[in-house]
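Working notes, structure below.
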Amino acid sequence: MTEILDRPLAPDVPLSRSSAKRRAEAFAHITPNWFAAVMGTGIVATSAISVAGDLSAVRGFATAIWLLAAVLLVVIAVAFGVHWVRHPMQARRYAADPVMVQFYGAIPMALLTVGAGTITVGSSILGTGAAVVVDAALWSVGTLLGLGTAIAVPFLMMTRQRRRSDLVALPAWLMPVVPPMVSATTGALLVDHVPAGQWRVSFLLLCYLLFGLSLFLGLITLSMIYGRLVHGTVPTGCAAPTIWITLGVIGQSVTAANSLAAHADSALAWYSSDSHTIATGLRIFGVGYGVAATGLGVAMFALATAVTVHNIRRSMPFALTWWSFTFPIGTCVTGLAALGTALDSTMFRIAAALLLGVLVTAWTTVFTRTVAAVLDGRLPAAA
């Protein structure tokens, strides 16, 4: 099963099988990477708001996409639960697979992404109070689950897979360690809604702790993945799109550093006479780190594009891994937009708008291909 990302969508599964059998198998292969569809959809909404949230047409578009992401979250979560109830042995096999277990990180990130959309665009439907409550609930659950994947998945790799000398670093290894960074980013939206004083300061510091946890684990993992890539073991076939996952920790960390800094004054106002100085220092850190990390992001974006073109020329069949084209690019959009706001920079704002166009195009392509695959019976499929 470790070759799961290198296989196309079960072309050998006959589409003429009986409807009864298809219904019986419908939940057999609801793997955690299905939650990447929620992540990839939700990030379109938050990216659009970060780029042009003051335009009513954009807000309407973002609201519709957020609603779609929320529906997908509910449907996929229910299907995933049924998968574990009806097919526990198969579910445990997927959970024990060294590749598929990495995608358990998609579950908390899906919750956090929909939560962020709830407070940024959903408040127009739910009202501010209800939106904050929903986001706080999703953030709390997503953060706990994300901390679980960031610690448990590497631990399982250390203890259960230590004898696998053939197991090389995969871009998917970033999936379980990135969720705390998403918590840090989305937590910034909740800072001003936490009671002022010690509670608000503690929450801000918690978000920075999550930022540091994910940043350092992510950079360590990214260095291993880069080493694997330059030694010639580049993902191919259906696994090729996963190289875009490397952009996720970069773009998300830039967004987090600048989003948290933007709310530092609110949290630290009562803290001490030097609170403004501390907040200014955090803003300087956010901008300095963000600009430097964006340089790395440009390099990884170029490499990911080149690897993708290289594989398209040979063969890159459609699979759920294509959702890797969406969320990582979305984090780069929000990162560029955050830098544009922090620096009042037209260059970063234009770059964010252009990349948003790329994101919407990628999402439209992947979403329509996924729907088509579900309708003609190729998804869910055995891997």
Side-chain angles (χ1 to χ4, degrees), residues 5 31-33 35-36 38-40 43 95-113 116 139-162 164 167-188 206-229 235 239 241-257 259-260 289 293 296-297 300 304 321 323-324 326-332 334-335:
L5 295 182
T31 49
N33 55 346
F35 286 91
V38 181
M39 295 165 54
I43 198 67
D97 182 78
V99 175
M100 187 55 71
V101 71
Q102 310 293 333
F103 287 91
Y104 270 86
I107 299 175
M109 287 192 282
L111 294 170
L112 293 164
T113 304
W139 187 89
S140 299
V141 176
T143 298
L144 289 174
L145 291 176
L147 286 171
T149 63
I151 303 301
V153 173
F155 173 76
L156 291 174
M157 295 171 67
M158 294 173 188
T159 56
R160 295 187 180 182
Q161 301 164 19
R162 60 185 181 278
R164 289 292 309 277
L167 195 61
V168 295
L170 303 170
W173 285 14
L174 285 166
M175 291 293 291
V177 300
V178 171
M181 186 66 76
V182 183
S183 292
T185 304
T186 55
L206 172 62
C207 289
Y208 271 107
L209 288 171
L210 293 169
F211 169 84
L213 183 157
S214 185
L215 177 65
F216 291 113
L217 286 179
L219 291 179
I220 291 169
T221 306
L222 184 60
S223 66
M224 292 190 291
I225 295 168
Y226 185 81
R228 174 247 173 133
L229 294 175
T242 61
I243 192 173
W244 289 88
I245 297 175
T246 57
L247 283 170
V249 68
I250 300 171
Q252 197 67 254
S253 63
V254 174
T255 309
S259 297
L260 290 171
Y289 169 79
L296 175 61
M300 294 307 299
T321 51
W323 282 100
S324 302
T326 56
F327 188 81
I329 294 178
T331 66
C332 294
T334 57

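Sequence positions, counted from 1, serve as the residue numbers for this chain. If you're wondering where the values come from, they're calculated on a predicted model, not measured in any experiment.
Contact of the Val178 side chain with the Leu217 side chain is not registered, since no non-hydrogen atoms from C-beta on lie closer than 4.5 Å. The side-chain heavy atoms of Tyr104 and Thr31, taken from C-beta on, include no pair separated by under 4.5 Å. Proximity of Pro32 to Met100: side-chain heavy atoms (C-beta onward) are separated by under 4.5 Å at one or more points. You'll find the side chain of Thr143 reaches within 4.5 Å of the side chain of Leu112, heavy atoms only. No side-chain heavy atom of Cys207 sits less than 4.5 Å from a side-chain heavy atom of Ser183. Here the side chains of Ile225 and Ile245 are not in contact, with every heavy-atom distance at 4.5 Å or above. With contacts defined as side-chain heavy-atom distances shorter than 4.5 Å, the pair Leu213/Met181 does not qualify. By the 4.5 Å heavy-atom criterion applied to side chains, Phe35 and Met109 are not counted as neighbours.
Of the possible donor and acceptor atoms, none in the side chain of Trp244 sits under 3.5 Å from a partner among the backbone N and O of Thr326. Formation of a donor-acceptor pair under 3.5 Å by the Thr149 side chain with backbone atoms of Pro176 is found in this model. In this structure, Ser214 contributes its side chain and Phe211 its backbone to no donor-acceptor pair below 3.5 Å. A donor-acceptor pair is defined here as one N or O able to donate and one able to accept, closer than 3.5 Å; no such pair exists between the side chain of Ser259 and the backbone of Ala256.
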Practice item. Go through the steps to decide whether Gln252 and Phe327 satisfy the test side chain to side chain contact (heavy atoms under 4.5 Å, CB included), and finish with yes or no. Key: CA-CA 10 Å; Gln252 197 67 254; Phe327 188 81; 3.5 Å; yes
Exercise for review: Just do the side chain to side chain contact (heavy atoms under 4.5 Å, CB included) check on Thr185 and Thr331 with the steps written out, would you?
Suggested key: CA-CA 10 Å; Thr185 304; Thr331 66; over 6 Å; no
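The two residues Ser324 and Thr242 come nearest to each other via the heavy atoms OG-CA, 3.7 Å. Of all heavy-atom pairs spanning Val101 and Val153, the tightest one is O-CG2, 4.0 Å. In terms of heavy-atom proximity, Ile151 sits nearest to Pro154 at O-CD, 3.5 Å. The two residues Thr246 and Leu222 come nearest to each other via the heavy atoms CB-CD1, 3.7 Å. Considering every non-hydrogen atom in both Gly218 and Leu174, the closest pair reads O-CD2, 3.5 Å. Across Gln102 and Met175, no two heavy atoms sit closer than the pair O-CB, 3.2 Å.
A donor-acceptor contact under 3.5 angstrom links the side chains of Ser253 and Tyr289, judged on distance only.
With sequence neighbours excluded, the residues forming a side chain to side chain contact (heavy atoms under 4.5 Å, CB included) with Ala36 are Trp323, listed by chain and number.
One distance of note links CG of Leu145 with CD1 of Ile107; it measures 7.5 Å at 0.5 Å rounding.
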